[in-house]
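Remarks on the structure that follows.
The chains referred to below are lettered A, B, ... by the order of the sequence lines, with proteins before strands, and numbering in each begins at 1.
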Amino acid sequence: MQEKYSPTEIEQAAQAAWNAAKTFRSSEGTDTQKPKYYCLSMFPYPSGKLHMGHVRNYTIGDVLSRTHRMRGYNVMQPMGWDAFGLPAENAAIQNKVPPAQWTYDNIAYMKTQLQSLGFALDWDRELATCKPDYYKWNQWLFLRMLEKGIAYKKTQVVNWDPVDQTVLANEQVIDGCGWRTGAVVEKREIPGYYFGITQYAEELLSALDTLPGWPERVKTMQANWIGKSTGVRFAFPYDLSAAGSTNLPSPLAGEGAGGEGASGQLWVFTTRADTLMGVTFCAVAAEHPLATRAAQNNPALAAFIDECKHGSVMEADMATMEKKGLPTGIFVSHPLTGAQVEVWVGNYVLMSYGDGAVMGVPAHDERDFAFAKKYGIPIRQVIGVAGQTFSTDSWAEWYADKQRGTCVNSGKYDGLNHEAAVEAIASDLAALGLGEKKVQFRLRDWGVSRQRYWGCPIPIIHCDRCGSVPVPDDQLPVVLPEDCVPDGSGNPLNKREDFLHCACPQCGKSARRETDTMDTFVDSSWYYARYCAPDNVTAMVDERTNYWMPVDQYIGGIEHAILHLLYSRFWTKVMRDLGLVNYDEPFANLLTQGMVLNHIFSRRTDKGGIEYFAPEEIELVRNEGGHVTGATSLADGQPVDYGGIGTMSKSKRNGVDPQGLIEQYGADTARFFMMFAAPPEQTLEWSDSGVEGAYRFMKRVWAFGVQIGKGGASMAPTALRREIHLLLKQANYDLGKLQFNTVASACMKMLNALEKAPADPHAREGFGILLRILSPIAPHISHTLWRELAYGADILDAAWPEPLAAALEQDEQELVLQINGKHRGSLRVKVDAQHTAIEAAALGTEAAQKFMEGKAAKKIIVVPGRLVNIVV
RNA sequence: GCCUCGGUGGCGAAAUCGGUAUACGCUGUGGACUUAAAAUCCACUUCCCUUUGGGAGUGCGGGUUCAAGUCCCGCCCGAGGCACCA
């Protein structure tokens with residue numbers, strides 16, 4: 001055994017041994033005695049290099065995999081590549097390399113990085129979503145969903161760059177302008193395919209209760225996203241044939257929502273039907289038929305509608321922009337009073353949400369209040385709270401209070417509370433045939449069409465005679481050509497005659513292939529199921545999937561809390577309903593790791609885009625307190641904008657490559673430091689100060705192993721033995737909480753204790769416990785020392801240590817002494833001492849005598865095993 | 001803007017059910033070893049006060065309690081998400 005700790009040597013040897021023995025190959029049912037444990041970390045996008053977020057993610061998964069293996073589970077931990085996506089196209093634009101080649105090169109390099117970290121991965125199950133044998137099944141399931149009506153076609157609104165004549169991703173829109181051209185982005189409606197996730201809204205919401213292994217915050221976020229609300233959908237009738245505002249209400253006007261005829265009904269949804277008597281205007285989206293109609297002979301309105309169509313489609317932009325509106329001159333009738341209500345076009349009303357129209361109640365909705373103040377629309381109070389005075393001068397929180405408010409100025413509804421008023425008004429609307437109570441979801445259907453090259457082709461053929469025809473199953477997969485090089489001016493598939501040209505499956509005549517590809521969230525919605533049957537060429541999944549699924553522990557970034565996790569849950573339910581799998585939910589337990597953050601530096605390009613700088617390309621400017629305030633480019637010495645801290649990502653170029661760390665200190669140090677730095681769920685601002693400490697610890701573990709020898713053990717209890725077992729108890733408790741930073745601490749505390757008593761008869765037992773607790777975090781050094789010190793053949797086959805009750809026993813314990821809640825000393829008592837004895841002992845202490853100042857004790861609180869508080 | 005989470009020494013953090021705030025580590029300071037440096041080891045390291053002792057203290061302001069980092073109310077700041085980044 002070498003005197004000196006040499007990580008490169010022992011890590012390469014350990015990894016070679018694992019590879020040769022295929023140690024981490026998993027198989028189903030070979031050992032039916034063992035419960036299965038499917039441990040899955042979210043697969044990476046092959047962006048080029050690993051970053052610290054990956055190291056954190058995959059080390060967490062590895063710690064859990066190795067711990068469960070030692071605890072006797074049949075473990076599977078696979079790895080693959082989320083290989084389709086936008087960055088490959090951006091790289092192609094920059095370097096003129098085909099996305100396929102760039103992606104495969106990145107996968108090859110990142111695989112060597114993952115392997116050098118010593119993860120217990122079953123590489124036999126590796127998959128990449130850009131390979132036809134994987135995405136064939138995206139296409140196959142798409143066709144099944146089309147047959148069942150879960151997939152369908154309708155128009156979608158996209159960001160359109162008028163200069164590049166191309167669709168932009170939200171990420172490519174900066175302050176409403178195209179990232180490369182600087183042109184003001186337009187909203188454009190184009191056809192696209194959707195998945196009917198709203199058909200599953202109710203189950204996606206209620207089934208959250210069947211997921212006790214998910215963090216509450218993730219379930220709350222998903223529930224809010226699905227956004228179930230009970231309200232009233234009702235109509236304002238209108239008749240435009242009688243011009244002007246004097247037209248009489250005609251509640252019996254023609255049926256149909258938002259009809260385009262002269263008469264019709266303007267439908268809206270509200271959760272505050274109790275405020276219906278306070279409606280003073282309606283607002284519709286720029287694309288609403290009534291807006292279109294009004295604009296026909298109103299040039300100012302037409303111009304405003306045009307203006308509404310500029311800017312991005314992002315909700316965050318919509319919510320923060322200035323709320324603007326313009327009256328249409330069209331009046332609709334209040335469904336209950338018949339009063340005339342003017343219709344406005346509002347830039348904040350979305351056509352894609354609900355009916356594309358809302359009622360305006362300025363007195364009881366903060367946004368409507370601001371809108372009404374701005375445009376001089378009447379404000380009519382219809383809700384009151386006892387003791388509060390309403391004023392149209394400024395908004396007050398209670399105006400929208402559902403709990404305390406009751407109806408006022410509302411005729412027959414006066415005095416009713418929120419619920420009673422909603423019931424009464426809903427039933428009156430229903431009697432008129434103008435509305436009903438309705439459950440509505442905020443969740444929208446999932447638009448999956450992307451006007452991009454590097455993705456899974458949508459298996460549709462367009463025929464002039466037959467229309468959109470599904471590609472027959474026996475012609476799947478529709479293979480994406482891998483030699484295209486996008487140039488930023490649209491999808492290169494549109495120029496590929498060999499891809500475009502095909503025969504119509506129905507009539508056999510010449511036809512054109514669909515060039516849109518699928519959202520990459522489709523790829524990641526079922527990869528976890530494919531890992532279970534990666535080699536099946538005749539089916540998407542098979543019985544092995546039902547053995548392994550659901551995933552016992554899923555680990556990934558909190559940024560995926562809503563979209564990826566919700567889409568995966570939806571996809572699972574679709575597969576279940578198609579009879580492909582027998583489980584309802586894909587992920588039994590979920591650990592959402594906090595993001596690893598780093599400073600972001602950027603500069604505006606002359607066209608209004610943003611150019612990011614990597615940390616190694618800049619020099620930091622700090623203030624006296626050491627806080628980063630700015631930076632300059634090393635290349636040109638000119639200042640760059642400091643964007644604060646944010647997630648490490650390829651696009652912001654602020655990722656830190658772990659390679660240097662691994663080469664300098666070894667994988668064990670990198671892994672240990674990553675686990676030690678913070679608890680997994682917490683956001684972590686990257687800093688490598690402290691890596692030295694982790695490395696020092698590894699060296700000390702090695703040095704202790706070198707000098708401990710192979711001596712035997714005695715049974716006599718010692719202080720060391722008690723301390724080691726106490727730390728072990730704590731470590732096992734923390735492991736159960738997935739709090740690995742304190743497990744790492746426990747390892748350090750164990751070593752501190754061992755170093756103080758190297759000659760203790762229990763030192764060898766204690767070191768054996770330390771090695772096993774450490775092994776999931778730093779597997780190479782533990783593997784090597786376990787074998788060298790003859791604890792056993794392979795530490796992976798060793799039993800996980802449990803604390804011994806005999807080692808923890810004690811007959812005295814120390815209690816904290818408080819006087820009036822202040823810490824004043826301590827006292828030692830027998831473990832089995834009665835309360836009265838403890839009280840007497842406490843009162844007899846010197847500290848009690850001193851701080852009670854001769855006063856009598858009013859009350860004595862004894863917390864067993866912890867403290868005594870004397871109140872005087 | 002909306003939804004979710006977080007804020008504890010100079011820094012990363014710990015504190016299990018409301019019960020000793022700052023474990024473990026980093027940095028720093030002093031010392032040992034060395035011709036010297038590195039490495040290693042030892043000691044100290046929340047702040048304030050004149051102490052051998054005492055006081056304050058977990059983003060800010062209130063509250064509940066014998067006792068609050070932990071529970072309640074109101075703010076401030078940071079991060080994640082907001083449906084075409086993944």
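A salt bridge between Arg450(A) and Glu89(A) is absent, with no side-chain N of the basic residue lying under 4.0 Å from a carboxylate O of the acidic one.
No contact: Phe697(A) has no heavy atom under 4.0 Å from any strand. No engagement by Gln172(A) is indicated, since no non-hydrogen atom pair under 4.0 Å with the nucleic acid exists. Among the atoms of the strands shown, only primed sugar atoms or phosphate atoms (P, OP1, OP2) are found under 4.0 Å from some heavy atom of Thr647(A). At the heavy-atom level, Leu443(A) lies under 4.0 Å from base atoms of the strands shown. Using a 4.0 Å heavy-atom distance criterion, Lys650(A) is classed as making no nucleic acid contact. Gly646(A) comes within contact range of the sugar-phosphate backbone alone, with a heavy-atom separation under 4.0 Å but no base atom that close. Contact annotation for Gln451(A): base contact, defined as any heavy-atom pair under 4.0 Å involving a base atom. Residue contacts for Leu867(A): at a heavy-atom cut-off of 4.0 Å it reaches a base atom on one of the strands shown. Here Arg367(A) lies out of heavy-atom contact (under 4.0 Å) with every strand. In this structure, Trp225(A) reaches the bases: a heavy-atom distance under 4.0 Å links it to at least one base atom across the strands shown. Residue contacts for Val691(A): at a heavy-atom cut-off of 4.0 Å it reaches no nucleic acid atom on any strand shown. Among the protein residues, Val173(A) comes within range of no part of the nucleic acid, since none of its heavy atoms lies under 4.0 Å from any strand. Within 4.0 Å (heavy atoms only), His560(A) reaches at least one base atom of the nucleic acid.
Comparing the P positions of A13(B) and U50(B) gives an interatomic distance of 35 Å, to the nearest angstrom. Taking atom P on both nucleotides, C49(B) is separated from C3(B) by 46 Å, rounded to a whole Å. Across C77(B) and C60(B), the matching C1' atoms stand 10 Å from one another, rounded to whole Å. For the P atom pair drawn from G59(B) and A68(B), the interatomic distance equals 15 Å after rounding to whole Å. U58(B) sits 23 Å from C5(B) when the P atoms are compared, rounded to a whole Å. Nucleotides C47(B) and C11(B), compared at atom P, are 11 Å apart to the nearest Å. The separation of U35(B) from C24(B), taken at their C1' atoms, amounts to 37 Å, rounded to a whole angstrom. To the nearest whole angstrom, the two C1' atoms, one in C41(B) and one in U34(B), are 13 Å apart.
Projected onto RNA chain B by closest heavy-atom contact, Ile190(A) and Tyr733(A) fall at different nucleotides, the more 5' of which corresponds to Tyr733(A). Heavy-atom distances to RNA chain B give each of Met314(A) and Ile558(A) a nearest nucleotide, and the one nearer the 5′ end belongs to Ile558(A).
Taking CG of Asp516(A) as the reference point, atom OH of Tyr453(A) lies at 15.0 Å (rounded to 0.5 Å). Atom CG in Leu751(A) sits 11.5 Å away from atom CG in Leu727(A) (nearest 0.5 Å). Distance check: Tyr200(A) OH to Leu205(A) CG gives 16.0 Å after rounding to the nearest 0.5 Å. Interatomic distance, CE of Met321(A) versus CE of Met314(A), reported as 12.5 Å (0.5 Å rounding).
For the pair Lys737(A) and A15(B), the criterion of a side-chain N or O lying under 4.0 Å from OP1 or OP2 is met. Phosphate proximity of C85(B) to Asn90(A): absent, as no side-chain N or O sits under 4.0 Å from OP1 or OP2. Applying the 4.0 Å criterion to OP1 and OP2 of A15(B), one finds that Arg866(A) has every side-chain N and O outside that range.
Atom pair Tyr695(A):OH and C26(B):P shows a separation of 15 Å (rounding to whole Å applied). Here the C1' atom of nucleotide C2(B) and the NZ atom of Lys323(A) are 10 Å apart, to the nearest Å. Whole-Å rounding puts the Leu563(A) CG to G80(B) P distance at 15 Å. Rounded to an integer number of Å, the gap from Leu770(A) CG to C24(B) P is 16 Å. His823(A) places its NE2 atom 15 Å from the C1' atom of A15(B), with the value rounded to the nearest Å. Atom pair Leu204(A):CG and A83(B):P shows a separation of 19 Å (rounding to whole Å applied). As rounded to whole Å, 13 Å separates atom C1' of C3(B) from atom CD1 of Ile226(A). For the pair Glu755(A) CD and C24(B) P, the interatomic distance rounds to 13 Å; values are reported in whole Å.
For the pairing with Trp179(A), the side-chain contact (heavy atoms from CB on, under 4.5 Å) check across Val185(A), Val173(A), Asp164(A), Leu168(A) returns one residue only, Leu168(A). For the ring pair (Phe, Tyr, Trp, His ring centres under 6.0 Å) with Tyr135(A), the lone residue among Trp454(A), Trp526(A), Phe84(A) that qualifies is Phe84(A).
Note that Arg824(A) lies in the cation-pi zone of Phe851(A), set by a 6.0 Å cut-off to the ring centre and a 45° limit from the axis.
Nucleotide C17(B) carries a syn base; the chi torsion (O4'-C1'-N9-C4 or O4'-C1'-N1-C2) is within 90° of 0.
Under the Watson-Crick or G-U wobble criterion, with both distances below 3.5 Å, C2(B) is paired with G81(B). The partner of U65(B), taking Watson-Crick or G-U wobble pairs whose two distances both stay under 3.5 Å, does not exist in any strand shown.
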Which nucleotides of nucleotides 4-14 of chain B have their base under 4.0 Å from a protein heavy atom (B), which only their sugar-phosphate (S), and which neither (-), written as one string 5' to 3'?
SS------BSS
Under 4.0 Å protein heavy-atom contacts per nucleotide of nucleotides 43-75 of chain B, with B for base, S for backbone only and - for none
----------SSSS---------B---------
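Qualifying side chain to side chain contact (heavy atoms under 4.5 Å, CB included) partners for Glu559(A), counting only residues two or more places apart in sequence or in other chains: Met595(A).
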Side chain to side chain contact (heavy atoms under 4.5 Å, CB included) between Asn752(A) and Arg700(A), intermediate numbers included:
CA-CA 10 Å; Asn752(A) 289 346; Arg700(A) 281 167 56 205; 2.6 Å; yes
Kindly determine whether Tyr348(A) and Phe371(A) satisfy ring pair (Phe, Tyr, Trp, His ring centres under 6.0 Å), including the steps that lead there.
CA-CA 11 Å; Tyr348(A) 60 95; Phe371(A) 193 81; 5.4 Å; yes
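Side-chain proximity of Asn752(A) to the nucleotides C84(B), G25(B), U20(B) is greatest for G25(B). Checking U20(B), C84(B), A79(B) against the side-chain heavy atoms of Val816(A) singles out U20(B) as nearest.
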